[in-house]
Amino acid sequence: MATVLKDNGSPDQASSTADSLSLHKSEPGEKNILDQVDRATVKRAVLKMDLTLLPIMTMFYLLSFLDRANIGNARVAGLQKSLHMTDRQYQIAITTTYVPYILAELPANLLLRKIGPNYVMPTILTIWGVIVIAQGFVTSFHGLVVVRAFLGLMEGPMFPGIVLYLSEFYTREELSLRIACFFSAASLSGAFSGLLAAAIVNMDGVGNKPGWSWIFILEGIFSVFVGVVSFYLVPATPKDSRFLSEEQKQIITQRLERDRPFVNPLDKFSLSQVLSSLKSPQVIIIFLIYFMGGTNLYGLALFLPSIVNQLGFSPNHTQLLSVGPFAVGFVVTILIAYVSDRYKSRTIPLAGICILAVAGYSISLASTNKHVSYGALYLMVPGVYAPTPVVAAWLSNNSEPYYRRATSIALGFVATNSGGILSTWRYPSKEGPKFRKTTIMNLTFALLIMALTVLNALILIRSNRQKKLKRAEILAPYVTKEEPDGGLRAWIELGDEHPDFRYVL
(Lines give C-alpha, C1' and ligand atoms only; values in the text may rest on other atoms or scores of the structure.)
Protein backbone atom coordinates (compact mmCIF):
# COMPACT_ATOMS: atom_id res chain seq x y z
CA MET A 1 0.00 0.00 0.00
CA ALA A 2 1.24 3.55 -0.68
CA THR A 3 1.48 6.20 1.97
CA VAL A 4 -1.71 6.30 4.02
CA LEU A 5 -2.64 9.76 5.20
CA LYS A 6 -4.66 10.33 8.29
CA ASP A 7 -7.54 12.81 8.32
CA ASN A 8 -5.21 15.40 9.80
CA GLY A 9 -2.94 15.09 6.80
CA SER A 10 0.06 13.50 8.55
CA PRO A 11 1.57 10.22 7.35
CA ASP A 12 0.79 6.96 9.03
CA GLN A 13 4.38 5.80 9.45
CA ALA A 14 3.39 2.25 10.32
CA SER A 15 1.71 1.65 7.00
CA SER A 16 3.95 3.80 4.81
CA THR A 17 5.70 1.86 2.09
CA ALA A 18 6.26 4.71 -0.34
CA ASP A 19 9.89 3.70 -0.71
CA SER A 20 8.98 0.24 -2.00
CA LEU A 21 6.90 1.82 -4.75
CA SER A 22 9.62 4.39 -5.43
CA LEU A 23 6.86 7.01 -5.47
CA HIS A 24 9.36 9.78 -5.05
CA LYS A 25 12.35 8.04 -6.59
CA SER A 26 15.23 8.86 -4.29
CA GLU A 27 18.64 8.63 -5.88
CA PRO A 28 19.78 5.03 -6.54
CA GLY A 29 21.36 3.59 -3.42
CA GLU A 30 20.34 6.59 -1.33
CA LYS A 31 19.88 5.60 2.30
CA ASN A 32 16.68 6.26 4.19
CA ILE A 33 18.16 9.04 6.26
CA LEU A 34 14.99 9.79 8.25
CA ASP A 35 15.41 6.52 10.12
CA GLN A 36 18.97 7.44 11.09
CA VAL A 37 18.70 11.03 12.34
CA ASP A 38 16.99 12.48 15.38
CA ARG A 39 14.08 14.91 15.40
CA ALA A 40 16.34 17.87 16.19
CA THR A 41 18.32 17.26 12.99
CA VAL A 42 15.12 17.18 10.94
CA LYS A 43 13.92 20.40 12.57
CA ARG A 44 17.21 22.11 11.78
CA ALA A 45 16.88 21.12 8.12
CA VAL A 46 13.34 22.49 7.92
CA LEU A 47 14.36 25.67 9.77
CA LYS A 48 17.24 26.25 7.36
CA MET A 49 14.85 25.84 4.44
CA ASP A 50 12.46 28.28 6.11
CA LEU A 51 15.20 30.86 6.60
CA THR A 52 16.49 30.62 3.03
CA LEU A 53 13.20 30.21 1.15
CA LEU A 54 10.42 32.04 2.99
CA PRO A 55 12.05 35.50 3.16
CA ILE A 56 12.39 35.70 -0.62
CA MET A 57 8.85 34.38 -1.19
CA THR A 58 7.57 36.90 1.36
CA MET A 59 9.42 39.70 -0.40
CA PHE A 60 7.96 38.59 -3.75
CA TYR A 61 4.42 38.78 -2.47
CA LEU A 62 4.98 41.96 -0.47
CA LEU A 63 6.15 43.67 -3.65
CA SER A 64 3.32 42.12 -5.65
CA PHE A 65 0.68 43.44 -3.30
CA LEU A 66 2.48 46.74 -2.71
CA ASP A 67 2.94 47.47 -6.41
CA ARG A 68 -0.69 46.60 -7.14
CA ALA A 69 -2.38 48.30 -4.19
CA ASN A 70 -0.21 51.42 -3.88
CA ILE A 71 -2.56 53.09 -6.34
CA GLY A 72 -4.84 53.63 -3.31
CA ASN A 73 -2.11 55.67 -1.60
CA ALA A 74 -1.34 57.45 -4.86
CA ARG A 75 -5.01 58.39 -5.16
CA VAL A 76 -4.96 60.04 -1.73
CA ALA A 77 -1.71 61.77 -2.74
CA GLY A 78 -3.41 63.35 -5.78
CA LEU A 79 -3.26 60.81 -8.65
CA GLN A 80 -6.94 61.04 -9.55
CA LYS A 81 -6.99 64.83 -9.44
CA SER A 82 -3.70 65.17 -11.34
CA LEU A 83 -4.88 62.95 -14.20
CA HIS A 84 -8.35 64.59 -14.18
CA MET A 85 -10.09 61.24 -13.67
CA THR A 86 -13.64 60.66 -12.52
CA ASP A 87 -14.46 57.99 -9.92
CA ARG A 88 -15.65 55.78 -12.75
CA GLN A 89 -12.38 56.15 -14.64
CA TYR A 90 -10.42 55.32 -11.49
CA GLN A 91 -12.48 52.17 -11.06
CA ILE A 92 -11.91 51.23 -14.71
CA ALA A 93 -8.14 51.65 -14.23
CA ILE A 94 -8.19 49.25 -11.28
CA THR A 95 -10.49 46.75 -13.02
CA THR A 96 -8.16 46.72 -16.03
CA THR A 97 -5.43 45.32 -13.77
CA TYR A 98 -7.46 42.27 -12.81
CA VAL A 99 -8.63 41.08 -16.22
CA PRO A 100 -5.17 40.05 -17.57
CA TYR A 101 -4.20 39.15 -13.99
CA ILE A 102 -6.94 36.50 -13.91
CA LEU A 103 -6.25 35.26 -17.46
CA ALA A 104 -2.56 34.67 -16.64
CA GLU A 105 -3.05 32.60 -13.47
CA LEU A 106 -4.02 29.15 -14.76
CA PRO A 107 -1.67 28.98 -17.79
CA ALA A 108 1.24 30.19 -15.65
CA ASN A 109 0.61 27.55 -12.97
CA LEU A 110 0.43 24.77 -15.56
CA LEU A 111 3.73 25.95 -17.09
CA LEU A 112 5.55 26.59 -13.80
CA ARG A 113 7.15 23.15 -13.55
CA LYS A 114 8.08 22.97 -17.25
CA ILE A 115 9.83 26.36 -17.39
CA GLY A 116 11.09 26.27 -13.81
CA PRO A 117 10.01 28.46 -10.87
CA ASN A 118 13.63 29.62 -10.50
CA TYR A 119 13.23 31.38 -13.86
CA VAL A 120 9.53 32.30 -13.88
CA MET A 121 9.21 34.17 -10.60
CA PRO A 122 12.36 36.34 -10.76
CA THR A 123 11.62 37.21 -14.40
CA ILE A 124 8.06 38.39 -13.86
CA LEU A 125 9.11 40.40 -10.77
CA THR A 126 11.83 42.20 -12.71
CA ILE A 127 9.49 42.99 -15.61
CA TRP A 128 6.66 44.26 -13.43
CA GLY A 129 9.13 46.47 -11.55
CA VAL A 130 9.87 48.21 -14.84
CA ILE A 131 6.12 48.55 -15.47
CA VAL A 132 5.58 50.12 -12.02
CA ILE A 133 8.32 52.66 -12.79
CA ALA A 134 6.52 53.47 -16.05
CA GLN A 135 3.33 54.05 -14.04
CA GLY A 136 5.04 57.03 -12.41
CA PHE A 137 5.37 58.69 -15.82
CA VAL A 138 1.78 58.41 -17.06
CA THR A 139 0.05 61.68 -17.86
CA SER A 140 -3.47 60.55 -18.74
CA PHE A 141 -6.22 58.13 -17.83
CA HIS A 142 -5.62 56.12 -21.01
CA GLY A 143 -1.92 55.80 -20.26
CA LEU A 144 -2.71 54.57 -16.75
CA VAL A 145 -5.12 51.93 -18.10
CA VAL A 146 -2.50 50.54 -20.49
CA VAL A 147 0.19 50.35 -17.81
CA ARG A 148 -2.18 48.74 -15.29
CA ALA A 149 -3.15 46.06 -17.85
CA PHE A 150 0.49 45.03 -18.35
CA LEU A 151 1.05 45.14 -14.60
CA GLY A 152 -1.82 42.69 -14.07
CA LEU A 153 -0.47 40.36 -16.77
CA MET A 154 2.90 40.15 -15.04
CA GLU A 155 1.67 39.95 -11.45
CA GLY A 156 -1.10 37.39 -12.03
CA PRO A 157 1.13 34.29 -11.87
CA MET A 158 2.88 35.23 -8.62
CA PHE A 159 0.45 34.35 -5.80
CA PRO A 160 -0.83 30.99 -7.15
CA GLY A 161 2.71 30.23 -8.29
CA ILE A 162 4.16 30.70 -4.80
CA VAL A 163 1.47 28.50 -3.21
CA LEU A 164 2.10 25.75 -5.78
CA TYR A 165 5.87 26.18 -5.37
CA LEU A 166 5.79 25.88 -1.56
CA SER A 167 3.55 22.80 -1.77
CA GLU A 168 6.55 21.06 -3.38
CA PHE A 169 8.80 21.94 -0.41
CA TYR A 170 6.61 21.40 2.67
CA THR A 171 4.40 18.65 4.04
CA ARG A 172 0.66 19.13 4.01
CA GLU A 173 0.36 19.91 7.72
CA GLU A 174 3.11 22.58 7.52
CA LEU A 175 1.76 24.48 4.55
CA SER A 176 -0.74 26.89 6.15
CA LEU A 177 1.88 28.60 8.33
CA ARG A 178 4.32 28.91 5.44
CA ILE A 179 1.65 30.42 3.20
CA ALA A 180 0.78 32.79 6.04
CA CYS A 181 4.42 33.84 6.32
CA PHE A 182 4.44 35.17 2.79
CA PHE A 183 0.77 36.15 2.57
CA SER A 184 1.04 38.20 5.76
CA ALA A 185 3.15 40.44 3.57
CA ALA A 186 -0.18 41.58 2.09
CA SER A 187 -1.28 43.12 5.37
CA LEU A 188 2.30 44.18 6.08
CA SER A 189 2.43 45.89 2.69
CA GLY A 190 -0.72 47.80 3.61
CA ALA A 191 1.06 49.15 6.69
CA PHE A 192 4.37 49.60 4.85
CA SER A 193 2.68 51.32 1.93
CA GLY A 194 1.11 53.90 4.19
CA LEU A 195 4.42 54.72 5.88
CA LEU A 196 6.27 54.86 2.56
CA ALA A 197 3.64 57.02 0.94
CA ALA A 198 3.66 59.45 3.87
CA ALA A 199 7.41 59.88 3.39
CA ILE A 200 7.58 59.79 -0.41
CA VAL A 201 4.88 62.41 -1.04
CA ASN A 202 7.28 64.92 0.51
CA MET A 203 9.22 64.59 -2.76
CA ASP A 204 6.38 66.43 -4.50
CA GLY A 205 7.93 68.67 -7.17
CA VAL A 206 11.30 66.90 -7.31
CA GLY A 207 12.23 66.47 -10.97
CA ASN A 208 8.99 68.26 -11.82
CA LYS A 209 7.12 65.12 -10.74
CA PRO A 210 4.16 65.07 -8.32
CA GLY A 211 4.49 63.09 -5.08
CA TRP A 212 2.28 60.26 -6.31
CA SER A 213 4.64 59.66 -9.26
CA TRP A 214 7.54 59.09 -6.89
CA ILE A 215 5.52 56.45 -5.01
CA PHE A 216 5.48 54.36 -8.19
CA ILE A 217 9.01 55.18 -9.37
CA LEU A 218 10.85 54.39 -6.13
CA GLU A 219 8.84 51.26 -5.34
CA GLY A 220 9.30 50.04 -8.93
CA ILE A 221 13.08 50.49 -8.77
CA PHE A 222 13.22 48.38 -5.62
CA SER A 223 11.15 45.64 -7.30
CA VAL A 224 13.59 45.50 -10.22
CA PHE A 225 16.52 45.20 -7.81
CA VAL A 226 14.91 42.33 -5.87
CA GLY A 227 13.94 40.59 -9.12
CA VAL A 228 17.50 40.58 -10.44
CA VAL A 229 19.00 39.40 -7.14
CA SER A 230 16.41 36.60 -6.78
CA PHE A 231 17.70 34.76 -9.86
CA TYR A 232 20.48 33.60 -7.53
CA LEU A 233 18.25 32.86 -4.54
CA VAL A 234 15.30 30.79 -5.84
CA PRO A 235 15.89 27.00 -6.15
CA ALA A 236 13.81 24.95 -8.58
CA THR A 237 13.45 22.07 -6.08
CA PRO A 238 14.74 21.27 -2.56
CA LYS A 239 17.64 19.36 -4.15
CA ASP A 240 18.70 22.52 -6.01
CA SER A 241 19.01 24.70 -2.90
CA ARG A 242 22.35 26.51 -2.61
CA PHE A 243 22.01 26.67 1.16
CA LEU A 244 21.08 23.14 2.27
CA SER A 245 23.72 20.48 2.86
CA GLU A 246 23.42 17.17 1.01
CA GLU A 247 22.15 15.50 4.19
CA GLN A 248 19.52 18.22 4.65
CA LYS A 249 18.39 17.87 1.04
CA GLN A 250 17.86 14.15 1.61
CA ILE A 251 15.94 14.85 4.82
CA ILE A 252 13.63 17.36 3.11
CA THR A 253 13.09 15.06 0.12
CA GLN A 254 12.33 11.96 2.17
CA ARG A 255 9.91 13.67 4.54
CA LEU A 256 7.94 14.75 1.46
CA GLU A 257 7.93 11.11 0.30
CA ARG A 258 6.38 10.05 3.56
CA ASP A 259 3.80 12.82 3.50
CA ARG A 260 2.20 11.98 0.16
CA PRO A 261 2.91 9.92 -2.95
CA PHE A 262 2.81 12.82 -5.37
CA VAL A 263 6.09 14.60 -4.76
CA ASN A 264 8.02 13.47 -7.81
CA PRO A 265 6.83 14.60 -11.25
CA LEU A 266 5.57 11.15 -12.24
CA ASP A 267 2.29 12.44 -13.64
CA LYS A 268 2.12 14.06 -17.06
CA PHE A 269 -0.05 16.99 -18.01
CA SER A 270 -3.47 16.01 -19.28
CA LEU A 271 -6.69 17.91 -19.86
CA SER A 272 -8.52 15.32 -17.73
CA GLN A 273 -6.61 16.50 -14.64
CA VAL A 274 -7.72 20.07 -15.30
CA LEU A 275 -11.34 18.99 -15.84
CA SER A 276 -11.37 16.80 -12.72
CA SER A 277 -10.45 19.85 -10.68
CA LEU A 278 -13.27 21.85 -12.26
CA LYS A 279 -15.78 19.14 -11.28
CA SER A 280 -14.60 18.67 -7.70
CA PRO A 281 -17.24 19.80 -5.12
CA GLN A 282 -14.58 20.95 -2.65
CA VAL A 283 -12.85 23.06 -5.35
CA ILE A 284 -16.18 24.64 -6.33
CA ILE A 285 -17.00 25.48 -2.70
CA ILE A 286 -13.58 26.98 -2.07
CA PHE A 287 -13.92 28.89 -5.35
CA LEU A 288 -17.00 30.58 -3.86
CA ILE A 289 -15.17 31.20 -0.57
CA TYR A 290 -12.27 32.73 -2.47
CA PHE A 291 -14.57 34.97 -4.53
CA MET A 292 -16.31 36.42 -1.49
CA GLY A 293 -13.10 36.62 0.51
CA GLY A 294 -11.35 38.32 -2.41
CA THR A 295 -14.12 40.89 -2.70
CA ASN A 296 -13.75 41.82 0.97
CA LEU A 297 -9.95 41.68 0.96
CA TYR A 298 -9.32 43.81 -2.11
CA GLY A 299 -11.99 46.27 -1.02
CA LEU A 300 -9.92 47.00 2.09
CA ALA A 301 -6.56 46.77 0.31
CA LEU A 302 -7.53 49.29 -2.36
CA PHE A 303 -9.94 51.57 -0.53
CA LEU A 304 -8.98 51.59 3.15
CA PRO A 305 -6.94 54.81 2.73
CA SER A 306 -9.91 56.42 0.97
CA ILE A 307 -12.30 55.21 3.71
CA VAL A 308 -10.08 56.70 6.43
CA ASN A 309 -9.69 59.92 4.46
CA GLN A 310 -13.46 60.28 4.06
CA LEU A 311 -13.95 59.79 7.79
CA GLY A 312 -12.48 63.29 8.09
CA PHE A 313 -8.74 62.80 8.54
CA SER A 314 -6.15 64.79 6.55
CA PRO A 315 -4.36 63.09 3.63
CA ASN A 316 -1.02 62.71 5.44
CA HIS A 317 -2.74 61.66 8.68
CA THR A 318 -4.72 59.14 6.60
CA GLN A 319 -1.53 57.51 5.28
CA LEU A 320 -0.31 56.99 8.85
CA LEU A 321 -3.69 55.83 10.23
CA SER A 322 -3.81 53.19 7.47
CA VAL A 323 -0.83 51.44 9.08
CA GLY A 324 -2.50 50.21 12.30
CA PRO A 325 -5.23 47.89 10.96
CA PHE A 326 -2.82 46.24 8.52
CA ALA A 327 -0.21 45.73 11.25
CA VAL A 328 -2.80 43.93 13.39
CA GLY A 329 -3.83 41.92 10.34
CA PHE A 330 -0.22 40.79 9.93
CA VAL A 331 0.00 39.44 13.49
CA VAL A 332 -3.40 37.72 13.42
CA THR A 333 -2.70 36.11 10.01
CA ILE A 334 0.46 34.44 11.36
CA LEU A 335 -1.27 33.39 14.58
CA ILE A 336 -4.28 31.76 12.91
CA ALA A 337 -2.10 29.88 10.43
CA TYR A 338 0.07 28.60 13.29
CA VAL A 339 -3.02 27.37 15.14
CA SER A 340 -4.32 25.75 11.94
CA ASP A 341 -1.07 23.81 11.41
CA ARG A 342 -0.48 23.11 15.10
CA TYR A 343 -3.88 21.49 15.60
CA LYS A 344 -4.06 20.10 12.04
CA SER A 345 -7.38 21.77 11.36
CA ARG A 346 -8.56 24.09 8.61
CA THR A 347 -12.31 24.26 9.32
CA ILE A 348 -12.36 25.63 12.88
CA PRO A 349 -9.69 28.38 12.45
CA LEU A 350 -11.27 29.49 9.16
CA ALA A 351 -14.81 29.69 10.47
CA GLY A 352 -13.64 31.19 13.76
CA ILE A 353 -11.59 34.05 12.33
CA CYS A 354 -14.50 35.17 10.15
CA ILE A 355 -16.25 36.22 13.37
CA LEU A 356 -13.84 39.18 13.54
CA ALA A 357 -14.92 40.32 10.09
CA VAL A 358 -18.61 39.94 11.01
CA ALA A 359 -18.03 42.01 14.16
CA GLY A 360 -16.07 44.68 12.29
CA TYR A 361 -18.64 45.16 9.55
CA SER A 362 -21.49 45.16 12.09
CA ILE A 363 -19.81 47.87 14.19
CA SER A 364 -19.14 49.92 11.08
CA LEU A 365 -22.82 49.74 10.11
CA ALA A 366 -24.05 50.72 13.56
CA SER A 367 -21.49 53.44 14.35
CA THR A 368 -22.06 57.16 13.97
CA ASN A 369 -18.67 58.14 15.44
CA LYS A 370 -15.67 58.44 13.13
CA HIS A 371 -13.26 57.07 15.75
CA VAL A 372 -15.43 53.99 16.35
CA SER A 373 -15.75 53.49 12.59
CA TYR A 374 -11.98 53.69 12.29
CA GLY A 375 -11.62 51.24 15.19
CA ALA A 376 -13.85 48.74 13.37
CA LEU A 377 -11.12 48.45 10.73
CA TYR A 378 -8.96 46.71 13.35
CA LEU A 379 -11.49 43.87 13.28
CA MET A 380 -12.24 43.92 9.56
CA VAL A 381 -8.67 43.70 8.29
CA PRO A 382 -7.55 40.64 10.33
CA GLY A 383 -10.99 39.04 9.85
CA VAL A 384 -10.63 39.36 6.08
CA TYR A 385 -6.88 38.79 5.61
CA ALA A 386 -6.22 35.92 8.05
CA PRO A 387 -8.50 33.32 6.35
CA THR A 388 -6.61 33.38 3.05
CA PRO A 389 -3.56 31.25 4.00
CA VAL A 390 -5.79 28.67 5.67
CA VAL A 391 -8.05 28.44 2.60
CA ALA A 392 -5.03 28.24 0.26
CA ALA A 393 -3.47 25.44 2.32
CA TRP A 394 -6.81 23.60 2.51
CA LEU A 395 -7.20 23.65 -1.26
CA SER A 396 -3.60 22.60 -1.86
CA ASN A 397 -3.75 19.84 0.80
CA ASN A 398 -6.73 18.17 -0.85
CA SER A 399 -5.82 18.41 -4.55
CA GLU A 400 -3.55 15.79 -6.12
CA PRO A 401 -1.63 14.98 -8.26
CA TYR A 402 0.48 17.92 -9.39
CA TYR A 403 -1.48 19.26 -12.36
CA ARG A 404 -4.80 18.89 -10.56
CA ARG A 405 -3.30 20.81 -7.64
CA ALA A 406 -1.87 23.44 -10.01
CA THR A 407 -5.33 23.88 -11.56
CA SER A 408 -7.18 24.02 -8.23
CA ILE A 409 -4.81 26.61 -6.77
CA ALA A 410 -5.01 28.76 -9.90
CA LEU A 411 -8.82 28.57 -9.96
CA GLY A 412 -8.89 29.69 -6.34
CA PHE A 413 -6.97 32.82 -7.19
CA VAL A 414 -9.02 33.42 -10.33
CA ALA A 415 -11.99 33.59 -7.95
CA THR A 416 -10.12 35.87 -5.54
CA ASN A 417 -9.25 38.36 -8.23
CA SER A 418 -12.72 38.18 -9.75
CA GLY A 419 -13.84 39.34 -6.32
CA GLY A 420 -11.22 42.06 -6.64
CA ILE A 421 -12.94 43.29 -9.80
CA LEU A 422 -16.28 43.44 -7.99
CA SER A 423 -14.75 45.36 -5.09
CA THR A 424 -13.45 48.12 -7.36
CA TRP A 425 -17.04 49.08 -8.23
CA ARG A 426 -18.39 49.00 -4.69
CA TYR A 427 -16.73 52.11 -3.22
CA PRO A 428 -17.96 55.21 -5.09
CA SER A 429 -16.86 58.36 -3.24
CA LYS A 430 -20.43 59.67 -2.97
CA GLU A 431 -21.36 56.74 -0.69
CA GLY A 432 -18.46 57.23 1.72
CA PRO A 433 -17.42 57.06 4.42
CA LYS A 434 -20.08 54.49 5.48
CA PHE A 435 -20.47 52.69 2.12
CA ARG A 436 -23.57 51.17 3.66
CA LYS A 437 -24.64 48.96 0.73
CA THR A 438 -21.11 47.62 0.30
CA THR A 439 -20.68 47.00 4.03
CA ILE A 440 -23.93 44.98 4.09
CA MET A 441 -22.65 42.96 1.13
CA ASN A 442 -19.30 42.35 2.86
CA LEU A 443 -21.04 41.29 6.07
CA THR A 444 -23.21 38.87 4.12
CA PHE A 445 -20.13 37.44 2.41
CA ALA A 446 -18.36 36.92 5.75
CA LEU A 447 -21.36 34.98 7.07
CA LEU A 448 -21.60 32.90 3.88
CA ILE A 449 -17.88 32.04 4.09
CA MET A 450 -18.50 30.59 7.56
CA ALA A 451 -21.44 28.53 6.29
CA LEU A 452 -19.55 27.25 3.22
CA THR A 453 -16.57 26.30 5.39
CA VAL A 454 -18.77 24.02 7.48
CA LEU A 455 -20.43 22.62 4.34
CA ASN A 456 -17.05 21.81 2.79
CA ALA A 457 -15.91 20.03 5.94
CA LEU A 458 -19.06 17.88 5.94
CA ILE A 459 -18.52 16.96 2.28
CA LEU A 460 -14.89 16.00 2.96
CA ILE A 461 -15.88 13.88 5.99
CA ARG A 462 -18.41 12.04 3.82
CA SER A 463 -15.84 11.59 1.02
CA ASN A 464 -13.30 10.09 3.43
CA ARG A 465 -15.90 7.63 4.71
CA GLN A 466 -17.12 6.69 1.23
CA LYS A 467 -13.59 6.07 -0.05
CA LYS A 468 -12.87 3.81 2.91
CA LEU A 469 -16.08 1.81 2.42
CA LYS A 470 -15.64 1.46 -1.35
CA ARG A 471 -11.88 0.95 -1.42
CA ALA A 472 -11.97 -2.38 -3.29
CA GLU A 473 -14.51 -1.10 -5.80
CA ILE A 474 -12.52 2.08 -6.54
CA LEU A 475 -9.23 0.21 -6.99
CA ALA A 476 -10.71 -2.70 -9.00
CA PRO A 477 -9.88 -1.27 -12.46
CA TYR A 478 -6.21 -0.90 -11.47
CA VAL A 479 -5.57 -4.23 -9.72
CA THR A 480 -3.12 -6.69 -11.30
CA LYS A 481 -1.26 -9.74 -10.00
CA GLU A 482 1.91 -7.68 -9.66
CA GLU A 483 0.11 -4.74 -8.03
CA PRO A 484 -2.86 -5.97 -5.97
CA ASP A 485 -3.41 -2.47 -4.56
CA GLY A 486 -3.42 -0.71 -7.92
CA GLY A 487 0.13 0.63 -7.67
CA LEU A 488 1.36 3.85 -9.19
CA ARG A 489 -1.23 4.01 -11.97
CA ALA A 490 -4.04 4.11 -9.41
CA TRP A 491 -2.39 6.95 -7.49
CA ILE A 492 -1.62 9.01 -10.58
CA GLU A 493 -5.02 8.60 -12.25
CA LEU A 494 -7.18 8.80 -9.12
CA GLY A 495 -5.17 11.48 -7.36
CA ASP A 496 -6.93 12.76 -4.26
CA GLU A 497 -9.82 10.40 -5.05
CA HIS A 498 -7.59 7.43 -4.20
CA PRO A 499 -9.13 5.55 -1.24
CA ASP A 500 -5.87 5.73 0.75
CA PHE A 501 -5.73 9.51 0.44
CA ARG A 502 -7.44 11.22 3.35
CA TYR A 503 -8.79 14.72 2.88
CA VAL A 504 -7.60 17.27 5.42
CA LEU A 505 -10.39 18.72 7.55
Side-chain angles (χ1 to χ4, degrees), residues 2 5 23 98-115 117 120 156-157 159-165 167-168 172 175 260-294 346 391-419 452 455-460 462-464 466-467 470-471 473-478 486-504:
L5 295 170
L23 290 174
Y98 289 106
V99 175
Y101 192 106
I102 289 168
L103 295 176
E105 288 179 310
L106 180 55
N109 248 25
L110 295 176
L111 289 170
L112 189 66
R113 174 187 280 174
K114 188 171 185 63
I115 299 174
V120 172
F159 195 172
I162 295 176
V163 174
L164 181 60
Y165 178 65
S167 72
E168 296 283 282
R172 294 203 293 163
L175 194 57
R260 65 182 194 269
F262 300 102
V263 179
N264 212 45
L266 295 168
D267 57 309
K268 304 295 183 183
F269 172 77
S270 69
L271 186 60
S272 64
Q273 294 289 4
V274 175
L275 295 176
S276 64
S277 178
L278 292 169
K279 294 185 293 184
S280 171
Q282 57 138 342
V283 173
I284 294 169
I285 289 174
I286 292 185
F287 184 94
L288 296 174
I289 290 175
Y290 262 127
F291 174 77
M292 292 183 285
R346 305 300 183 216
V391 179
W394 205 10
L395 186 57
S396 177
N397 289 165
N398 292 335
S399 299
E400 297 289 357
Y402 178 86
Y403 285 105
R404 191 179 302 182
R405 177 158 34 97
T407 302
S408 297
I409 291 170
L411 289 174
F413 292 108
V414 165
T416 299
N417 293 295
S418 298
L452 287 171
L455 175 62
N456 194 46
L458 293 174
I459 289 174
L460 293 175
R462 183 179 182 278
S463 295
N464 281 339
Q466 289 293 105
K467 288 196 296 182
K470 298 181 179 180
R471 184 177 188 277
E473 181 182 337
I474 295 170
L475 291 178
Y478 305 96
L488 285 174
R489 190 166 71 92
W491 277 106
I492 293 169
E493 292 186 16
L494 290 172
D496 56 72
E497 295 173 359
H498 194 288
D500 292 337
F501 184 94
R502 295 290 176 261
Y503 291 120
V504 176

Closest non-hydrogen atom pair, Gly161 against Leu112 | O-CD2, 3.7 Å
Using side chain to side chain donor-acceptor pair (under 3.5 Å) as the criterion, list what pairs up with Ser276, not counting sequence neighbours.
-> Arg404
Can you measure from CG (Leu110) to CD (Gln273) and round to the nearest 0.5 angstrom?
-> 11.0 Å
Could you check if a side-chain atom of Asp496 sits within less than 4.5 angstrom of a side-chain atom of Asn398, using non-hydrogen atoms only?
-> no
Check whether any side-chain heavy atom of Tyr403 sits under 4.5 Å from a side-chain heavy atom of Val274, and report yes or no.
-> no
Check: Pro499 and Lys470 side chains under 4.5 Å, non-hydrogen atoms | no
Side chain proximity check, Ser167 to Val163, heavy atoms < 4.5 angstrom = no
Report yes if the side chains of Tyr478 and Leu494 come closer than 4.5 Å at any heavy-atom pair, otherwise no.
-> yes
Check whether the side chains of Ser399 and Ser408 place a donor and an acceptor atom closer than 3.5 Å, and report yes or no.
-> yes
Name all residues meeting the salt bridge (charged side-chain N to carboxylate O under 4.0 Å, His left out) criterion together with Arg462; count only those two or more places apart in sequence or in a different chain, and write none if there are none.
-> none
Which heavy atom of Ile409 sits nearest a heavy atom of Pro160, and at what distance?
-> CG2-O, 3.6 Å
For Phe413, enumerate each residue passing the ring pair (Phe, Tyr, Trp, His ring centres under 6.0 Å) test, keeping only those at least two apart in sequence or located in another chain.
-> Phe159, Tyr290
Under a 4.5 Å cut-off applied to non-hydrogen side-chain atoms, are Glu497 and Ile474 in contact?
-> no
Rounded to the nearest 0.5 Å, the CD1 atom of Ile102 sits from the CG atom of Asn417 at a distance of 5.5 Å
Do the non-hydrogen side-chain atoms of Ile286 and Val283 ever get within less than 4.5 Å of each other?
-> no
Would a distance-only check, ignoring hydrogens and angles, find a side-chain to backbone donor-acceptor pair under 3.5 Å from Thr416 to Gly412?
-> yes
Gap between atom CD of Glu168 and atom CG of Leu175 - 0.5 Å precision = 10.5 Å
For the residue pair Asn109 and Tyr402, what are the closest heavy atoms and their distance?
-> O-OH, 4.1 Å
Closest approach of Phe501 to Lys467 (non-hydrogen atoms, all atoms of both residues) = O-NZ, 2.5 Å
How many angstroms lie between CD in Glu400 and OG in Ser277, if you round to the nearest 0.5 Å?
-> 11.5 Å
From CG (Leu455) to CG (Leu288), nearest 0.5 Å | 10.0 Å
Do the side-chain N and O atoms of Arg405 and Ser396 include a donor-acceptor pair separated by under 3.5 angstrom?
-> no
What closest approach, in Å, do Arg346 and Val504 show between heavy atoms, and which atom pair accounts for it?
-> CG-CG1, 4.0 Å
Audit row: Ser280, Ile284, side chain to side chain contact (heavy atoms under 4.5 Å, CB included) steps and yes/no | CA-CA 6 Å; Ser280 171; Ile284 294 169; over 6 Å; no
Value for CZ (Phe287) from OG (Ser418), rounded to nearest 0.5 Å, stands at 5.5 Å
Could you pull out the closest heavy-atom pair between Leu460 and Trp394, with the gap in Å?
-> CD1-NE1, 3.6 Å
